[in-house]
Amino acid sequence: MKKLIIFDLDGTLLNTIADLAQSTNYALQKLGYPTHEEKAYNLMVGNGINKLFERALPEGEKSEENILRMRKEFIPYYDAHNAEKSAPYPGIPELLNQLNQQGKKLAVASNKYQTATEKLVKHYFPEIPFISLLGQREGILPKPDPTIVYDILQVAGVEKKEVLYVGDSGVDMQTAIEADIASCGVTWGFRPRQELEQFSPDYIIDQASEILQLL
């Protein structure tokens with residue numbers, strides 16, 4: 001029986017793409033670079049903001065210096081605007097409430113930087129007592145490195161066989177494989193179903209309520 005459900009954040013619990021696109025375009029514009037359409041960001045996000053900036057910068061401009069310049073412009077803007085256009089996916093608030101009522105332990109493992117991860121989860125799901133909210137932290141490798149999962153398992157005090165990891169991308173499926181826990185890919189997020197299928201997850205679902213059936 002699964003006792004702990006670990007959720008990815010962007011593309012799984014929350015549709016954050018509009019705010020991420022707006023903030024990245026703001027930083028690009030401030031540095032004098034061309035911007036991108038919102039839909040283009042679906043394939044840029046998922047590996048943390050430094051990788052997002054690298055993908056968004058023009059060819060020939062993807063230097064460490066420019067990534068740091070992007071970060072300097074992006075973070076204050078995103079911190080001020082990251083809850084303007086973002087929203088939970090359909091059925092997610094109800095799912096989290098039902099899982100909580102069933103006594104399941106809930107956690108978030110995100111490649112979004114830590115302060116934004118905490119802010120968004122607490123803003124959109126204030127009633128849900130997550131046992132752990134982990135984003136990308138200094139000195140910790142981002143997903144698909146499994147360290148973030150191991151840190152959650154230590155807090156939860158459960159065995160690997162009692163865990164289900166839920167995410168929308170190949171990075172998430174790789175993370176579950178690396179951590180040796182069950183994986184569930186969701187098709188409502190930023191990445192296509194084919195990307196999930198490449199990693200042969202234990203489950204692929206199209207609606208949030210299907211998680212209840214799996215459990």
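Source: prediction; values computed, not measured.
Residues Phe130 and Leu96 form a side-chain contact, since some pair of their non-hydrogen atoms from C-beta on lies under 4.5 Å apart. Looking only at side-chain heavy atoms (C-beta outward), Arg191 and Leu196 stay at 4.5 Å or farther from each other. For the pair Arg137 and Ile148, the minimum side-chain heavy-atom distance is below 4.5 Å. Between Ile152 and Leu4, some side-chain heavy-atom pair lies under the 4.5 Å cut-off. With contacts defined as side-chain heavy-atom distances shorter than 4.5 Å, the pair Ser110/Phe7 does not qualify. When side chains are defined from C-beta on, Leu212 does not count as touching Leu214, because their heavy atoms never get closer than 4.5 Å. When side chains are defined from C-beta on, Arg193 counts as touching Ile204, because their heavy atoms get closer than 4.5 Å. Contact annotation: the side chain of Ile6 approaches that of Val149 to within less than 4.5 Å [non-hydrogen atoms, C-beta and beyond].
Heavy atoms from other residues, nucleotides or ligands lying under 6.0 Å from CD of Glu94 number more than 12. By the neighbour-count criterion of 12 heavy atoms within 6.0 Å, atom CD of Glu84 is densely surrounded, having more than that number from other residues, nucleotides or ligands. Few gaps surround NZ on Lys160; more than 12 heavy atoms of other groups in view lie less than 6.0 Å from it. Residue-environment remark: NZ (Lys62) exceeds the threshold of 12 foreign heavy atoms within 6.0 Å. Few gaps surround CD on Gln102; more than 12 heavy atoms of other groups in view lie less than 6.0 Å from it.
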**Message:** I'd like to know whether Thr187 forms a side-chain contact (heavy atoms from CB on, under 4.5 Å) with Ile205, so could you lay out the CA-CA distance, the side-chain angles of the two residues, the decisive distance to 0.1 Å, and finally the verdict.
**Reply:** CA-CA 6 Å; Thr187 61; Ile205 61 173; over 6 Å; no
**Candidate pair Phe190 and Leu43, rule side-chain contact (heavy atoms from CB on, under 4.5 Å), full reasoning** = CA-CA 7 Å; Phe190 301 156; Leu43 297 179; over 6 Å; no
**Message:** Under the criterion side-chain contact (heavy atoms from CB on, under 4.5 Å), I'd like the reasoning laid out for Glu38 against Leu20: C-alpha separation, chi angles, the key distance, then a yes or no.
**Reply:** CA-CA 9 Å; Glu38 183 180 304; Leu20 286 167; over 6 Å; no
**Item:** Test side-chain contact (heavy atoms from CB on, under 4.5 Å) applied to Lys2 and Val163, step by step
**Value:** CA-CA 5 Å; Lys2 304 303 182 188; Val163 183; 5.8 Å; no
**Asked** Do Phe53 and Phe74 pass the ring pair (Phe, Tyr, Trp, His ring centres under 6.0 Å) test, and can you show the C-alpha distance, the side-chain angles, and the key distance before you say yes or no?
**Response** CA-CA 9 Å; Phe53 302 151; Phe74 174 94; 5.1 Å; yes
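Counting only N and O atoms by type, the side chains of Arg71 and Asn50 include a donor and acceptor under 3.5 Å apart. For the residue pair Asn82 / Tyr77, no side-chain donor-acceptor distance below 3.5 Å is found, with atom types taken as modelled. Inspection of the Asp172 and Tyr165 side chains reveals an N or O donor paired with an N or O acceptor under 3.5 Å. Inspection of the Gln136 and Asn111 side chains reveals no N or O donor paired with an N or O acceptor under 3.5 Å. Side-chain contact check for Lys143 and Gln174: no donor-acceptor pair (N or O, by modelled atom type) lies under 3.5 Å.
In this structure, Asp8 does not pair ionically with Lys112, as no charged nitrogen and carboxylate oxygen lie closer than 4.0 Å. Using a cut-off of 4.0 Å between Lys/Arg side-chain N and Asp/Glu carboxylate O, Lys119 and Asp79 are scored as not salt-bridged. By the 4.0 Å N-to-carboxylate-O rule, Arg69 lies too far from Glu73 to be salt-bridged with it.
With rounding to the nearest 0.5 angstrom, the CG atom of Leu106 is 8.0 Å from the CG atom of Leu95. Distance CD/Glu64 to CD/Glu54: 9.0 Å, rounded to 0.5 Å. With values rounded to the nearest 0.5 angstrom, Tyr33 atom OH is found 9.0 Å from Leu28 atom CG. One distance of note links CD1 of Ile17 with OG of Ser86; it measures 9.0 Å at 0.5 Å rounding. Lys85 NZ to Thr16 OG1: the interatomic distance, rounded to the nearest 0.5 Å, is 13.0 Å. For the atom pair Thr147 OG1 and Ile140 CD1, the distance stands at 6.0 Å (nearest 0.5 Å).
A donor-acceptor pair under 3.5 Å is formed between the side chain of Glu210 and the backbone N or O of Gln207. Glu162 places a side-chain N or O within donor-acceptor distance of the main-chain N or O of Glu159, the cut-off being under 3.5 Å.
The two atoms that bring Ile131 and Val155 nearest to each other are O-CG1, 3.7 Å, heavy atoms only. Taking every heavy atom of both residues into account, Gly11 and Asp168 meet most closely at O-CB, 3.2 Å. Taking both residues in full, the closest heavy atoms of Ala208 and Pro90 are given as CB-O, 3.9 Å, listed atom of the first, atom of the second, then distance. Considering every non-hydrogen atom in both Asn100 and Pro129, the closest pair reads OD1-CG, 3.3 Å. Minimum interatomic distance between Lys104 and Leu215 (heavy atoms only, all atoms of both residues): CE-CD1, 4.4 Å. Heavy-atom minimum distance, Tyr150 versus Ala179: OH-CA, 3.8 Å.
Among residues two or more places apart in sequence or in another chain, the ring pair (Phe, Tyr, Trp, His ring centres under 6.0 Å) test is passed with Tyr124 by none.
Taking the six-membered ring where the residue is Trp, Trp188 and Tyr89 present tilted rings, their angle falling between 30° and 60°.
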